[in-house]
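Bear in mind the structure is a predicted one, so any value in this text is a computation, not a measurement.
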Amino acid sequence: MSEPVLPSFPEDFLWGVSTSAYQVEGAVSEGGRGRSVWDTFCETPDRVFSGHSGKIACDHYHRYPEDVGLLRDLGVGAYRFSIAWPRVQPEGTGAVNPEGLDFYDRLVDALCEAGITPVATVYHWDTPQAVEDAGGWLNRDTAKHFAEYAAIVGAKLADRVPTWIPINEPMVTTVYGYGIGEYAPGQFLLMDAIPTAHHQNLAHGLAVQALRAVGAKQIGTANNHGPIWPATDKLADRQAADRASDLLNWLYADPVLAGAYPESMHRYLPAGFADDLPAINAPLDFYGVNYYEPTQVSAPSEGNPLPFDLGQVEGYPMTTNGSPVVPDGLRQFLLQLRDRHGDRLPPVQITENGCSFDGIEDRARIEFIAEHLRALRLAMHEGVDVRGYFVWSLLDNFEWSKGYQPRFGLVHVDYETLRRTPKASFTWFRELIRGEH
Ligand code: FCB
């Protein structure tokens, strides 16, 4: 098979990879870490594939020096990782656990020594159980607690971590965590989950303020986005697609970028939401987009409490995770975002993109990334200001309710021995970074 030919990117384009704490760290009961909603969810029968959990994961908590070695070898400019709130504040509020903070301190030092820019996500879904017990993201106070936690990690690390992302993919927490119960905390509230979006948006805004106050230089987002396709051209399906896009895309992008919510969402938002919009609309240095796939919807069938029926995107190759491979969806979404927000949109970073495929000779992943980069380059030609691209993920890791089955890494992890083996895509990505493709 021939090598995919790639368009060239600007010299200063930032190449990176992303991971998150619960998916790679393991060591859930070590170093004074408190419990998170994912510990609880994994212990609940029938929630996670085959009873898997993040108890050991990739053991990154102990093996981070080896992982930083891999990053150095790969030659990335930046590494995006997340900080586990329950490691830093075991109860989510109050007392700080110095041992937890020290872990990130060591990781950041190792990255700096390797010449890799640390990009810290403050929260990637591992809410402290005590915070959840007090209502979690349904409780407005969680936004204030989160800002306090952000100030703590910022004060410790912002001297060496220039780039910060307060919250990873609030949509997924709202929809999968509280809306349909597929992810922790496993609630089934449907549209009544929407207050959790507002509280996360507020938490984002308050954390931006808190992080700036302690010297963070670059602050952005990592929101999950994709185009929403109507199943047919019929008006009812197109309207359903607009409603779905309000729920899946604009409920998070609009308040952050424009200080407003989509009209169709107003009735589901908590009373007095408008007062919080100025805080949510704090200026950002970049807008992070995580892209995986488009979504297809049609008009809601009778009795559906949601304003759309979910469909299946057909006619595309599939990953082992059951996601359709649609590189152009990335370009489509970036143009929509740019058209909707114009000058309000700061430079974009692709903070996650990747796929699950098996094997060490993972040609399918190489093609996936190459094709998404081609789509990205097209979007840039069409005027979207994109400054960087982060592959999800460095390592195979714990893929939430699908357990360890899907393999998203550039590096294979043997979960028996925890041995890391770089895949063909690792070598290919390293060559790409060096400008050899
Ligand atoms: C994203 C998540 C990330 C990972 C990838 C595959 O939605 O942010 O943790 O699970 O999907």
Residue pair Asn290, Phe390: steps toward the side chain to side chain contact (heavy atoms under 4.5 Å, CB included) verdict: CA-CA 9 Å; Asn290 295 356; Phe390 289 66; over 6 Å; no

Intermediate values then yes/no, side-chain hydrogen bond (donor to acceptor under 3.5 Å, both in side chains), Gln336 and His225: CA-CA 11 Å; Gln336 281 176 21; His225 286 306; over 6 Å; no

Could you pull out every donor-acceptor pair under 3.5 Å between side chains of residues 175-187 and any protein atom, sequence neighbours left out?
from: Tyr178; atom 1: OH; to: Glu132; atom 2: OE1; distance (Å): 2.9
from: Tyr178; atom 1: OH; to: Glu132; atom 2: OE2; distance (Å): 3.2
from: Tyr178; atom 1: OH; to: Trp137; atom 2: N; distance (Å): 3.0

Asn353/Leu373 under side chain to side chain contact (heavy atoms under 4.5 Å, CB included): CA gap, chis, key distance, verdict: CA-CA 10 Å; Asn353 177 234; Leu373 289 176; over 6 Å; no

Where [X] and [Y] come nearest, the two heavy atoms and their spacing:
X	Y	answer
Pro166	His204	CG-ND1, 3.8 Å
Leu284	Thr221	CD1-CG2, 3.7 Å
Val413	Cys58	CG2-SG, 4.3 Å
Pro162	Thr117	CG-CG2, 3.5 Å
Phe368	Val325	CD1-CG1, 3.6 Å
Pro324	Tyr316	CB-CB, 4.1 Å

Of all residues at least two apart in sequence or in a different chain, which pass the salt bridge (Lys or Arg N to Asp or Glu O under 4.0 Å) check with [X]?
X	value
Asp105	Arg160
Arg420	Asp67
Asp339	none
Asp46	none

Side-chain heavy atoms of [X] within contact of [Y], under 4.5 Å:
X	Y	answer
Leu101	Val153	yes
Asn321	Phe408	yes
Val256	Ile280	yes
Tyr252	Gln200	no
Phe146	Thr127	no
Asn223	Leu337	no
Val119	Thr351	no
Arg344	Asp254	no

Derivation and outcome, side-chain hydrogen bond (donor to acceptor under 3.5 Å, both in side chains), residues Thr19 and Tyr79: CA-CA 8 Å; Thr19 63; Tyr79 172 55; 2.7 Å; yes

Aromatic rings [X] and [Y]: how do their planes relate, parallel, tilted or perpendicular, breaks at 30° and 60°?
X	Y	value
Tyr64	Phe103	perpendicular
Phe49	His52	perpendicular
Trp250	Phe333	parallel

[X] and [Y] aromatic centres sub-6.0 Å:
X	Y	value
His341	Tyr287	no
His372	Tyr291	yes
Tyr292	Trp392	no

Under a 4.0 Å N-O cut-off, is there an ion pair linking [X] with [Y]?
X	Y	value
Arg33	Asp126	no
Asp59	Arg63	yes
Asp285	Lys217	no
Arg243	Asp246	yes

Do any N or O atoms from the side chain of [X] and from the backbone of [Y] form a donor-acceptor pair under 3.5 angstrom?
X	Y	result
Ser82	Val122	no
Gln349	Gly388	yes
Glu399	Tyr404	no
Asp39	Ser36	yes
Asp414	Arg419	no
His62	Ala27	no
Tyr22	Gly54	yes
Arg377	Ser8	yes
Arg365	Gly409	yes

Arg331 and Asp328: CA distance, side-chain angles, deciding distance, salt bridge (charged side-chain N to carboxylate O under 4.0 Å, His left out) verdict: CA-CA 5 Å; Arg331 185 191 66 90; Asp328 195 56; 2.7 Å; yes

Side chain to side chain donor-acceptor pair (under 3.5 Å) contacts in which one or both residues fall within residues 84-93, not counting sequence neighbours: Glu25-Arg87, Trp85-Gln89

Check against side-chain hydrogen bond (donor to acceptor under 3.5 Å, both in side chains), Thr320 and Ser356: CA-CA 6 Å; Thr320 57; Ser356 69; 2.8 Å; yes

Check against side-chain hydrogen bond (donor to acceptor under 3.5 Å, both in side chains), Asp276 and Asn201: CA-CA 9 Å; Asp276 296 330; Asn201 288 335; over 6 Å; no

Heavy atoms of other groups near Ile56 CD1, more than 12 under 6.0 Å: no

CD (Glu436) with more than 12 external heavy atoms under 6.0 Å: yes

Side chains of Asn168 and Thr121, donor plus acceptor under 3.5 Å: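 No, no side-chain donor-acceptor pair sits under 3.5 Å.
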
Under 3.5 Å side-chain donor-acceptor pair for Arg340 and Asn249: no

His199 vs Thr142, side chain to side chain contact (heavy atoms under 4.5 Å, CB included): CA-CA, chis, key distance, verdict: CA-CA 7 Å; His199 297 144; Thr142 298; 5.9 Å; no

Stepwise side chain to side chain contact (heavy atoms under 4.5 Å, CB included) check, Phe429 with Val76: CA-CA 9 Å; Phe429 195 53; Val76 282; 4.1 Å; yes

